[in-house]
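The structure under discussion appears below in the form of structure tokens.
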Amino acid sequence: MPGIAAPLIAWYRGSARDLPWRRPGFGAWGTLVSEFMLQQTPVARVIPHLEAWLGRWPTPADLAAAAPAEAVTQWANLGYPRRALWLHRAAVEIRDRHDGTVPRDVDALLALTGIGDYTARAVAVFAYGDRHPVVDTNTRRVLARVVDGVAQPGPPGKADLARMTAELPDDIGEAAIVNAAAMELGAIVCTARAPKCDVCPLAAQCAWRAAGYPASEDRRRRQAKYEGSDRQARGAVLRVLREAAPAAVLLDDVVPDWPDPVQRDRAIDSLISDGLAEAEGGALFLPR
DNA sequence: TACCCGTGGTT
DNA sequence: TAACCAAGGGT
């Protein structure tokens with residue numbers, strides 16, 4: 001196995017997308033915000049929201065000084081609004097525990113609300129240039145194909161970090177590029193559907209290609225239907241609160257014609273439980 | 001571990 | 001057009 005680092009680095013230098021968070025001097029806070037937004041939301045949808053967010057709150061302290069409601073409102077339709085709440089909490093934690101500076105230490109990053117294995121290492125590597133394995137779904141798919149010879153990766157786990165570490169060059173700068181390049185390759189070449197193997201820098205050494213592209217047994221759970229789901233109900237309720245903010249909305253006026261009133265009430269209760277809404281005096285509003 | 005959590009573009 | 005997919009994390 002010749003190793004994937006050298007061809008990945010060469011390919012990345014010539015083919016990587018020009019993305020805002022890759023600009024020199026983008027800053028650790030910008031990187032952190034971008035990573036929150038990129039959790040399960042496509043790049044193209046993130047970019048305009050990211051720039052607006054950083055324009056409004058250029059530092060963690062700026063966001064920490066705002067009400068959670070403002071963060072949830074600014075999050076708009078990016079989806080998974082708990083991320084907005086968690087990003088706000090992380091900003092408060094950064095202000096209170098780290099003197100307003102995004103921490104560099106992976107364990108300190110992991111201790112922040114809403115930051116897990118991927119985001120913690122992404123900040124440490126892309127913002128601070130340290131040497132850690134950064135493993136996202138794209139990286140796992142690339143390794144599954146090139147190294148394991150299977151179409152799709154198994155379930156994510158701690159072992160992913162060790163196997164990515166094994167692919168990283170000793171040179172810190174090169175290690176950071178390999179992390180970014182594996183993600184980038186998975187995002188634009190080694191895609192889930194219709195991979196572009198004719199332009200892949202790893203095609204010559206790809207075990208999946210050599211094996212004739214065997215299909216993986218599909219152990220993936222089908223994504224739950226959105227139409228009629230609790231998630232849709234929550235989304236509808238939260239949209240009303242966002243559009244009314246900072247005003248509260250009478251409970252009777254919160255999606256009053258929702259087809260299933262029991263589901264509507266369940267959505268409201270779960271939003272309150274998550275801290276995304278508060279109720280008082282028969283009215284519902286975003287957390288202040 | 002399995003499941004839950006939004007939204008909109010693509011096939 | 002219904003299903004798939006998207007730089008995950010918390011519980």
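The chains referred to below are lettered A, B, ... by the order of the sequence lines, with proteins before strands, and numbering in each begins at 1.
- Here C:dA7 presents its P atom at 10 Å from CH2 of A:W21, a figure rounded to the nearest Å.
- The CD-C1' distance, from A:Q232 to B:dC4, rounds to 16 Å in whole Å.
- Classification of A:E93 and A:R89 as a salt-bridged pair fails, no side-chain N sitting under 4.0 Å from a carboxylate O.
- Distance CD (A:Q40) to C1' (B:dT7): 12 Å, rounded to an integer number of Å.
- What separates CG of A:L112 from C1' of C:dG10 is a distance of 15 Å, to the nearest Å.
- Taking only side-chain nitrogens and oxygens, A:N77 never comes nearer than 4.0 Å to OP1 or OP2 of B:dG6.
- For C:dC5, neither phosphate oxygen OP1 nor OP2 lies less than 4.0 angstrom from any side-chain nitrogen or oxygen of A:R141.
- In this structure, the side chain to side chain contact (heavy atoms under 4.5 Å, CB included) partners of A:D274, at least two apart in sequence or on a different chain, are A:R82, A:R234, A:L276.
- Where A:P42 and A:L110 each meet DNA chain C at their nearest nucleotide, the meeting point lying more 5' is that of A:P42.
- The phosphate of C:dG9 (OP1 or OP2) has a side-chain N or O of A:T119 nearer than 4.0 angstrom.
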* Would you sort out whether A:E243 and A:R239 count as a salt bridge (charged side-chain N to carboxylate O under 4.0 Å, His left out), showing the intermediate values? => CA-CA 6 Å; A:E243 291 174 351; A:R239 171 183 292 269; 3.6 Å; yes
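- In the set B:dT7, B:dG6, C:dA7, the nucleotide with an atom closest to the side chain of A:R83 is B:dG6.
- In this structure, A:Q39 atom CD and B:dC4 atom C1' are separated by 15 Å, rounded to whole Å.
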Give me the distances for all protein-to-nucleotides 2-4 of chain C N/O pairs that come in under 3.5 Å?
none

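- A:R266 has no carboxylate O lying under 4.0 Å from a charged side-chain N of A:D260, or vice versa, which leaves the two without a salt bridge.
- Taking atom CZ on A:R82 and atom P on B:dC5, their separation rounds to 7 Å, with Å as the unit.
- Within a heavy-atom distance below 4.0 Å of DNA chain C, no residue of residues 45-57 of chain A is found.
- Residue A:Y118 has its side chain nearest to C:dA7 when only C:dA6, B:dT7, C:dA7 are considered.
- Close to C:dG9, at under 4.0 Å from its OP1 or OP2, lies no side-chain N or O of A:R121.
- For the pair A:Y80 and C:dG8, the criterion of a side-chain N or O lying under 4.0 Å from OP1 or OP2 is not met.
- The distance from atom NZ of A:K158 to atom P of C:dG9 is 10 Å, rounded to the nearest whole Å.
- DNA chain C is contacted by both A:R17 and A:I115; A:R17 maps to the nucleotide lying nearer its 5′ end (nearest heavy atom per residue).
- The distance from atom CZ of A:R140 to atom C1' of C:dA6 is 14 Å, rounded to the nearest whole Å.
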